[in-house]
Amino acid sequence: MVSQTGCGHAIYAVRVTQASAELARAEQLDAAVKAPYEYHYAQEHLRKARTEAAEADYGDAALLAETAYHYAGRAIQLAQRVQPALTPDREESP
């Protein structure tokens, strides 16, 4: 837990911004479908980070935002590896 509120707030602000950007990138890659565990884990940690920050618990908020950032990154990596699933419009040729 960060004992200095001003410093903790600044660290949180940087981490939540990074996590938000990474999660937005994951959304663009359809990670909610291609890497659902990692995507939703990141999304929930970011949500909880914002809740903690609203209660001025910036130390915990920063740690949660950092976790969100890392899992959003994992979601991005997995989403980039997953091939698009075959749809009824796209049939595999024999």
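As a basis for the values below, the full set of heavy atoms in this structure was taken, side chains included, without hydrogen atoms, waters or symmetry mates.
Residues passing the side-chain contact (heavy atoms from CB on, under 4.5 Å) test with H40 are A32, P36, Q43, sequence neighbours excluded. Listed by chain and number, the residues in a ring-ring contact (aromatic ring centres under 6.0 Å, His included) with Y71 are Y41 (sequence neighbours excluded). Under the side-chain contact (heavy atoms from CB on, under 4.5 Å) criterion, Q77 pairs with R81, not counting sequence neighbours.
Put simply, CD on E66 and NE2 on H45 are 11.0 Å apart, with the number rounded to the nearest 0.5 Å. The OG1 atom of T51 sits 11.0 Å away from the CG atom of D57 when rounded to the nearest 0.5 Å.
Sorted by first and then second residue, the pairs that involve residues 44-54 and meet salt bridge (charged side-chain N to carboxylate O under 4.0 Å, His left out), not counting sequence neighbours, are E44-R47, K48-E52.
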Next item on the list: Take V16 and L46, measure what side-chain contact (heavy atoms from CB on, under 4.5 Å) needs, and give me the verdict at the end.
Entry: CA-CA 7 Å; V16 79; L46 184 57; 3.4 Å; yes
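No continuous path of ILVMFWY side-chain contacts below 4.5 Å connects Y69 to Y12, so the two sit in separate hydrophobic clusters.
The heavy-atom pair separating A79 from A35 by the smallest distance is N-CB, 4.5 Å.
Under a 4.5 Å side-chain heavy-atom cut-off, the cluster of Ile, Leu, Val, Met, Phe, Trp and Tyr residues that includes V33 has no other member.
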Do any side-chain atoms of residues 22-31 form donor-acceptor pairs under 3.5 angstrom with protein atoms, and if so which ones, sequence neighbours left out?
{"residue": "E27", "atom": "OE2", "partner": "Y39", "partner atom": "OH", "Å": "3.3"}

